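One-based numbering along the sequence shown. Worth saying up front: this structure is predicted, and the values here are computed from it rather than measured.
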Amino acid sequence: MSNITYKYIKQNSDIQSYINHADKALESIGYTEHSNTHVERTADAAYDILQTLGYTERECELAQIAGYMHDIGNCVNRNTHAQVGALMAFNLLSKLAMPAEEIAVIICAIGNHDELSAAPVNPIAAALIIADKMDVRRSRVRHPDGVDEDDAEAIIRDIHDRVNYACVQSRYYFSDDKTELFLDLIIDLEISSIMEYFEIFLNRMSLCRVSAEALGINFKLVINNSKII
């Protein structure tokens, strides 16, 4: 085990630069927020999932590191950003002298997190997939509350922004016996329908279900207090 901690990774200026540039690149093509808020929420959720399920502290921390670095490939190109990000993470972590066994687990998770090619190939990858796909919230839309009328109309026109903007509350939690993981959303149906949510997120929710099964648990989706899956 190395001394490369999550805290150390968060303080690394090179990694922070790649996160910043990745978010700016996505902003330029109209994608939702992928800044520190998203990667830190993903990192913490991945850690929490594995910790709740009894994985070792280091496994939890490796999932946290993978979550923090998972989107850096977007600074190169959105297409194949998972695989590109895995290669970038390999170079960055190798320079920090992290052991190959730990690097392998992290880059495997990063390279398998995107819905076009995702697979829960190990527990860290499974936790990363779930944590990443569960980050649905209004604040990911790049139009803050109080936007002018023109921007509000833009939100209505774009289904990706509309579905995220309609999500006024998002939380996840485990059942008491830790056999079920719930994603609980409150959606403003005047902004977006539940059908539109599934149009955008069906593949992602299916990935969460498969990834949860890889961890030995069931994934459940609750929308407006009704169990959907």
Side-chain angles (χ1 to χ4, degrees), residues 1 5-7 10 33 36-71 102 105-106 108-110 112-115 118-140 163-189 192-229:
M1 186 176 74
T5 64
Y6 176 58
K7 181 179 179 180
K10 285 186 68 177
E33 174 265 323
N36 278 73
T37 301
H38 170 62
V39 300
E40 289 177 14
R41 286 172 67 100
T42 299
D44 291 344
Y47 178 97
D48 183 53
I49 289 168
L50 292 189
Q51 184 185 56
T52 300
L53 296 177
Y55 285 82
T56 67
E57 176 62 24
R58 187 55 178 172
E59 288 173 310
C60 296
E61 188 168 41
L62 292 179
Q64 203 170 24
I65 292 170
Y68 189 74
M69 298 180 70
H70 79 281
D71 271 339
E102 294 189 342
V105 171
I106 290 172
C108 191
I110 293 174
N112 281 281
H113 85 270
D114 183 65
E115 53 261 31
V121 293
N122 59 45
I124 289 171
L128 172 56
I129 290 169
I130 297 169
D132 180 37
K133 308 316 173 195
M134 288 197 306
D135 190 18
V136 184
R137 51 188 162 84
R138 170 169 287 191
S139 56
R140 292 201 71 181
V163 168
N164 276 282
Y165 196 75
C167 186
V168 296
Q169 180 178 305
S170 173
R171 66 189 183 112
Y172 72 89
Y173 53 88
F174 279 88
S175 60
D176 290 340
D177 61 3
K178 302 178 183 179
T179 62
E180 295 180 320
L181 174 60
F182 292 85
L183 175 59
D184 193 340
L185 307 176
I186 299 297
I187 293 177
D188 186 339
L189 298 179
S192 178
S193 68
I194 293 176
M195 184 61 69
E196 282 188 324
Y197 175 87
F198 276 103
E199 183 178 342
I200 299 300
F201 289 105
L202 180 59
N203 287 343
R204 301 177 194 184
M205 295 301 97
S206 296
L207 276 171
C208 287
R209 178 180 58 80
V210 171
S211 298
E213 290 174 355
L215 292 172
I217 59 176
N218 295 311
F219 179 80
K220 302 293 182 181
L221 175 65
V222 177
I223 297 180
N224 292 357
N225 301 313
S226 296
K227 188 179 292 186
I228 307 298
I229 59 173

[X] (side chain) donor-acceptor with [Y] (main chain) under 3.5 angstrom:
| X | Y | result |
| --- | --- | --- |
| Asn112 | Cys108 | yes |
| Ser211 | Ile130 | no |
| Arg140 | Asp135 | yes |
| Ser170 | Arg137 | no |
| Asn224 | Ile187 | yes |
| Glu61 | Tyr6 | yes |
| Lys178 | Ile217 | no |

List the atom of [X], the atom of [Y], and the distance in Å for their closest heavy-atom pair.
| X | Y | value |
| --- | --- | --- |
| Ala109 | Ile124 | CB-CG2, 3.7 Å |
| Leu183 | Phe219 | CB-CZ, 3.8 Å |
| Leu50 | Ala63 | CD1-CB, 3.7 Å |
| Pro123 | Tyr55 | CB-CE2, 3.6 Å |
| Ser175 | Phe182 | CB-CE1, 4.1 Å |
| Leu215 | Ala127 | CD1-N, 4.3 Å |

Nearest 0.5 angstrom please: [X] [atom1] to [Y] [atom2], how far?
| X | Y | atom1 | atom2 | value |
| --- | --- | --- | --- | --- |
| Glu33 | Asn164 | CD | CG | 10.0 Å |
| Lys133 | His113 | NZ | NE2 | 5.5 Å |
| Gln169 | Asp184 | CD | CG | 7.0 Å |
| Glu115 | Leu202 | CD | CG | 11.5 Å |
| Phe198 | Leu221 | CZ | CG | 5.0 Å |
| Cys208 | Asp132 | SG | CG | 8.5 Å |

Can you check side chain to side chain contact (heavy atoms under 4.5 Å, CB included) on Tyr68 and Glu40, steps first, answer last? CA-CA 6 Å; Tyr68 189 74; Glu40 289 177 14; 3.9 Å; yes
Would you check, one step at a time, whether the test side chain to side chain contact (heavy atoms under 4.5 Å, CB included) holds for Ile49 with Phe174? CA-CA 9 Å; Ile49 289 168; Phe174 279 88; 4.2 Å; yes
Between [X] and [Y]: side-chain donor-acceptor atoms closer than 3.5 Å:
| X | Y | answer |
| --- | --- | --- |
| Glu57 | Tyr47 | yes |
| Thr56 | Arg58 | no |
| Gln64 | Asp44 | yes |

Using a 6.0 Å cut-off, check whether atom CG of Asp177 has over 12 heavy atoms from anything other than its own residue. yes
Do the side chains of Asp48 and Thr52 get nearer than 4.5 Å, heavy atoms only? yes
